[in-house]
Amino acid sequence: MTLRNANPVAIAGGGIGGLACALALARQGFRSLVLEQAREFGEAGVGLQVAPNALSVLDALGVGPAAKKHALLIERLLMMDGVTGEEVADVPCGARFIERFGNPYAVSHRADIHGALLDACRAHELIELRTDSRVLDFTIEPSGVAVSMNGGARIAAPALIGADGVNSAVRKTILNDGEPPPAGAVIFRATIPAAEMPQDLQHPYPTFWAGPGWHVIYYPVRDWSLFNLGCTFVTDRIKFGDGEDAAPNAVLPRFAGSCETPLRAMRIPKSFRHYVIRHREPVANWTMGAATLLGDAAHPMVQYIAQGAAMALEDAICLAGAAHDADGDFAKAFRRYQDIRIVRTARVQISSQMMDKINHAKGIERKVRNSLFEGRTPEEYYDRLAWLYTPPPYVR
Ligand SMILES: Cc1cc2nc3c(=O)[nH]c(=O)nc-3n(C[C@H](O)[C@H](O)[C@H](O)COP(=O)(O)OP(=O)(O)OC[C@H]3O[C@@H](n4cnc5c(N)ncnc54)[C@H](O)[C@@H]3O)c2cc1C
């Protein structure tokens, strides 16, 4: 493949979105430089649900087999009523699901998905990876962008992609729309060694418990050696900082109305890690000339349909396709990329937020929620999920 840019495109952020973007650009012949603020490349958190649309992007980037190697291809998606313990919704993810969406539904350790992308980036001659490199801001120049780095360095690049997450510095220069507001919920995360997880709670799929004002999910990762546990609680009162430890006696009372089964899992960890869920309303623009945003920097969302990383992956492949079509005219390519992506990502942001009502329903709304799913056939579920799980045409 012929090299299409002598000077590399700068990508702020080496998370799932930034690395996928570097790889997608490289596969179209574009050089890039990934600028990651951390001392090492890595991922915060443990579990990641990888829906078929996300797996299709990983396949298209050539890392599908590596990403799936330690992932669990799940049998079903299950929602339980956290008060009564009854089953609310059951979506089979077997052969018919795979045939319909082109891929299974997986759960994985975040580091396994990120690691598959990182290995492929490291192996690609068109990608340079730099750690300890924090992007502060940028200016638009006649030749592209000038990126200001920590330590006073400036990098001239033909284009800048802000894949720098929910607190994006690149977004600040493009949109200046303040800090991402709390979404009204916090999550307490923990891992449970498989040996400590009761046998009857060990299932080859995520178990999701929907309670009034809270939800809990657990599933196996890393070849069943660990269980990822996430306990989300709706609140406007934030008592801990992001990433701080929380003792069980600060966590368990919030889920006191739960039936016994999820509590059995929640009582196991000696400590939880606390995060404030943040999001934004969709915006009508996230591009400025040869600078644009991707992933959480562009469209941060609550995690209630587990699609944030999937959207970052789809963005990456779409952006690289637009760069190819515009033959390296990045300002033109970024406008096209944004036009293609903005409605789908806004729909996912809005749909995720709407799941707050389903996942956390109280009183009569909880009973209405349960009745909505009664008698639904697998095909009826698949029809409702098709807009989300079917990979868009540019995922090739
Ligand atoms: C509790 C929870 C559960 C979730 N579960 C799922 C799920 O199951 N499935 C799913 O698809 N999504 C899920 N998501 C969403 C998903 O985690 C994010 O959407 C995804 O990680 C976004 O990737 P990103 O690359 O855009 O940003 P990030 O993963 O945030 O990566 C940004 C990178 O940029 C770096 N960075 C930040 N600022 C700078 C700077 N100024 N200069 C240089 N580098 C910088 C950071 O260090 C980081 O490495 C979940 C989110 C949460 C909060």
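Here, residue 1 is the first one in the sequence, and each next residue gets the next number. In each ligand, atom 1 is the first atom listed, and ligand 1 is the first ligand listed.
Using a 4.0 Å cut-off between heavy atoms, Ala309 contacts ligand 1 through both its backbone and its side chain. Residue Gln307 touches ligand 1 through its backbone alone, judged by heavy-atom distances below 4.0 Å. Only the backbone of Leu35 comes within 4.0 Å of ligand 1, judged by heavy-atom distances. The parts of Leu48 lying near ligand 1 are both backbone and side chain, judged by heavy-atom distances below 4.0 Å.
The side-chain hydrogen bond (donor to acceptor under 3.5 Å, both in side chains) contacts involving residues 327-337 comprise Arg4-Asp327, where partners must be two or more places apart or lie in separate chains. Residue pairs meeting the salt bridge (charged side-chain N to carboxylate O under 4.0 Å, His left out) criterion with at least one partner in residues 29-56, sequence neighbours excluded, are Glu43-Arg110.
Taking the ring centroids of His203 and Tyr218, they lie at or beyond the 6.0 Å cut-off.
At under 3.5 Å, not a single nitrogen or oxygen of Ala312, backbone or side chain, sits near a nitrogen or oxygen of ligand 1. Any N or O atom pair closer than 3.5 Å counts here, and Arg189 shares no such pair with ligand 1. For ligand 1, the polar-atom distance check against Ile277 finds no nitrogen or oxygen pair separated by under 3.5 Å. For a threshold of 3.5 Å applied to N or O pairs, the pair formed by Ala38 and ligand 1 contains no separation below that value. Ligand 1 has a nitrogen or oxygen under 3.5 angstrom from a nitrogen or oxygen of Ala310. When only interatomic distances are considered, the shortest N/O to N/O separation between Ala297 and ligand 1 does not fall below 3.5 Å.
For atom 14 (N) of ligand 1, the closest non-hydrogen atom of the protein is Arg110 NH2, 3.6 Å. Distance from atom 31 (O) of ligand 1 to its nearest protein heavy atom, with residue and atom name: Gly15 CA, 3.6 Å. In terms of protein heavy-atom proximity, atom 49 (O) of ligand 1 is nearest to Glu36 OE1, 2.6 Å. When hydrogens are left out, the protein atom nearest atom 52 (C) of ligand 1 is Gln303 CB, 3.8 Å; that is the closest non-hydrogen contact.
Within the 4.0 Å heavy-atom cutoff, Ala163 counts among the residues contacting ligand 1. For the ligand labelled ligand 1, residue Ser133 lies inside the 4.0 Å heavy-atom shell. Under a 4.0 angstrom heavy-atom cut-off, Ala54 registers as lying outside contact with ligand 1. Judged by the shortest distance from any of its heavy atoms, Met301 lies outside the 4.0 Å radius around the atoms of ligand 1.
Atoms of ligand 1 lying under 4.0 Å from any heavy atom of Gly165, numbered from 1 in the order shown and given with element: 27 (O), 30 (O), 32 (C).
Only one option out of Arg273, Arg189, Lys270 pairs with Asp245 in a salt bridge (charged side-chain N to carboxylate O under 4.0 Å, His left out); it is Arg273.
Atom CD of Glu379 sits in a crowded spot, with more than 12 heavy atoms from other residues, nucleotides or ligands closer than 6.0 Å.
Linking ILVMFWY residues whenever their side-chain heavy atoms come closer than 4.5 Å, directly or via other members, places Val276 and Phe188 in the same cluster. Following chains of ILVMFWY side-chain contacts shorter than 4.5 Å, one cannot reach Trp387 starting from Tyr394, and the two form parts of different hydrophobic clusters.
The aromatic rings of Tyr389 and Phe101 stand perpendicular to each other, their planes meeting at an angle above 60°, with 30° marking the opposite boundary.
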